[in-house]
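Take a look at the structure set out below.
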Amino acid sequence: MSKAPSTRIRSRRTRNARIAETASRTVDATSPATAETTSPATDAVHAAEECPECGGRTEVDSAERACVDCGLVLEADRIDHGPEWRSFSDDDTDPKRTGAPLTRSRHDRGLSTEIGRSTRLKGRKRRRMARMRTQHNRARISTKRDRNKVYAYTEIRRLTGALELPTSLRDTACALFDSAQSESLLRGRSLEGFAAACVYVACRTADVARTVGEVCAEAKATEAEHRAAFDAMNRELGLPIGPAAPAEYLPRFASDLGVDSSVEARARELADRAVEEGIANGRNPVGVAAACLYTAARQCDVDCTQQEAADAAGVTPVTIRRTYVELREEP
């Protein structure tokens, strides 16, 4: 036999009493004793938001926390908790992590895969995986065109690493080699020479001061092979490069000689004057830059010899002396 539902109706006074009791409990939860318990954490948060130097307000940028008033940097190089550009095998638990990004320094743009090795495989299956790995490596480089590209890209990566060049120049050099290969400029010429020429052209287009001697010193190609590849690319591709200005080499030579910024500024004025008056016409811009630095050092009473300037630029003291004589004459 089922029970009948309760028909008791609570009065308004009872409901008001329950509401008042709930409100009193809420007030007790936020009493001063509780506030004293949570105040240290709140004070720590406010202390972290204040500048310890001047007490000003701090703001969080994409990579650092700095004070708005005095500019003091409180935190730098914040940890990025996002996905990394690495390859992981836990695709089921963490699918956000992906492989390496696309790059122009690989013949397949970095999209190829590799068959790994495992110690769990035994017998017939292990031999079958070895055959599959061999066939896979052959399929990755199936033509002579891809083989040449792999060798040249490897040389370009080695050169840019030895010359301490950024990755943007490395990708530009690889794109230049791809263009040269598309125009069939590699026949009868050295791959090492084209790799060195592509790195040199990438430096020239990005206004990075690197001489032919510096590139060829780290490359496997000779200067003759470099010159043949550079002339072919300049003739067929129409490279957007002009004569190098002496001012491009001043910062590096000034750093090697250890001179002040005032000497470098004066040398830049002399380099601009040498270009305007035609003193630099027909001369090596490296030697002109070294001569401008030597002249500026003499005018600023800085100890610098012709031999030191010549060693920094890789030229002879006679080259510096000839330009120095003309720069010494007042216009």
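In what follows, every heavy atom counts, from backbone to side chain, and hydrogens, waters and symmetry copies are set aside.
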Side-chain contact test, heavy atoms from C-beta onward, threshold under 4.5 Å: evaluate it for Arg157 versus Cys174 and give yes or no. no
Could you report the tightest heavy-atom contact between Ala219 and Arg158, atom names first, then the distance? CA-NH2, 3.7 Å
Are a donor atom and an acceptor atom from the side chains of Thr323 and Arg283 found within less than 3.5 Å of each other? yes
More than 12 foreign heavy atoms under 6.0 Å from CD of Glu269: is that the case here? yes
dist Ile156:CD1 -> Leu165:CG (nearest 0.5 Å) comes out at 11.5 Å
How close do Leu270 and Cys292 get, counting heavy atoms only, and between which atoms? CD1-O, 3.7 Å
Test Arg273 against Glu276 for salt bridge (Lys or Arg N to Asp or Glu O under 4.0 Å), laying out the working first. CA-CA 5 Å; Arg273 174 192 157 194; Glu276 293 176 359; over 6 Å; no
Non-hydrogen side-chain atoms of Val315 and Ile320 separated by less than 4.5 Å: yes
Is any side-chain heavy atom of Val215 closer than 4.5 Å to a side-chain heavy atom of Leu163? yes
Heavy-atom side-chain proximity of Thr134 to Arg131 below 4.5 angstrom: no
Residues 181-192 side chain polar contacts: donor-acceptor under 3.5 Å, at least two apart:
unit_1 : atom_1 : unit_2 : atom_2 : d
Gln181 : NE2    : Arg145 : O      : 3.1
Ser182 : OG     : Asp178 : O      : 2.9
Arg189 : NH1    : Leu185 : O      : 2.9
Ser190 : OG     : Glu192 : N      : 3.2
Ser190 : OG     : Glu192 : OE1    : 2.8
Ser190 : OG     : Gly193 : N      : 3.3
Glu192 : OE2    : Tyr151 : OH     : 2.7

First locate atom OH of Tyr200, then atom OG1 of Thr205, and finally report the distance between them rounded to the nearest 0.5 Å. 11.0 Å
Nearest 0.5 Å, please: how far is CD in Glu223 from SG in Cys216? 5.0 Å
What's the shortest heavy-atom distance between Leu327 and Thr295, and which atoms? CD1-OG1, 3.9 Å
Nearest atoms (heavy-atom pairs only) where Met132 meets Ile115: O-CD1, 3.8 Å
What one should report as the nearest heavy-atom pair of Ala290 and Phe253 is N-CD1, 4.3 Å
In the structure I gave you, are the side-chain heavy atoms of Leu257 and Cys304 within less than 4.5 Å of one another anywhere? yes
Within one Ile-Leu-Val-Met-Phe-Trp-Tyr cluster: Val288 and Ile279, side-chain cutoff 4.5 Å: no
May I ask you to test the Val212-Phe230 pair for a side-chain heavy-atom distance under 4.5 Å? no
Within the 4.5 Å heavy-atom criterion, are Leu176 and Met233 side-chain neighbours or not? yes
Listed once per pair and sorted, the salt bridge (charged side-chain N to carboxylate O under 4.0 Å, His left out) pairs that draw on residues 203-219, sequence neighbours left out: Glu214-Arg252
Under-4.0 Å salt bridge between Glu225 and Arg227: no
For Ala296 and Ala267, the nearest pair of non-hydrogen atoms, with its separation, is CB-N, 3.6 Å
To the nearest 0.5 Å, tell me how far Cys203 SG sits from Leu159 CG. 9.5 Å
Is any side-chain heavy atom of Pro251 less than 4.5 Å from a side-chain heavy atom of Glu264? yes
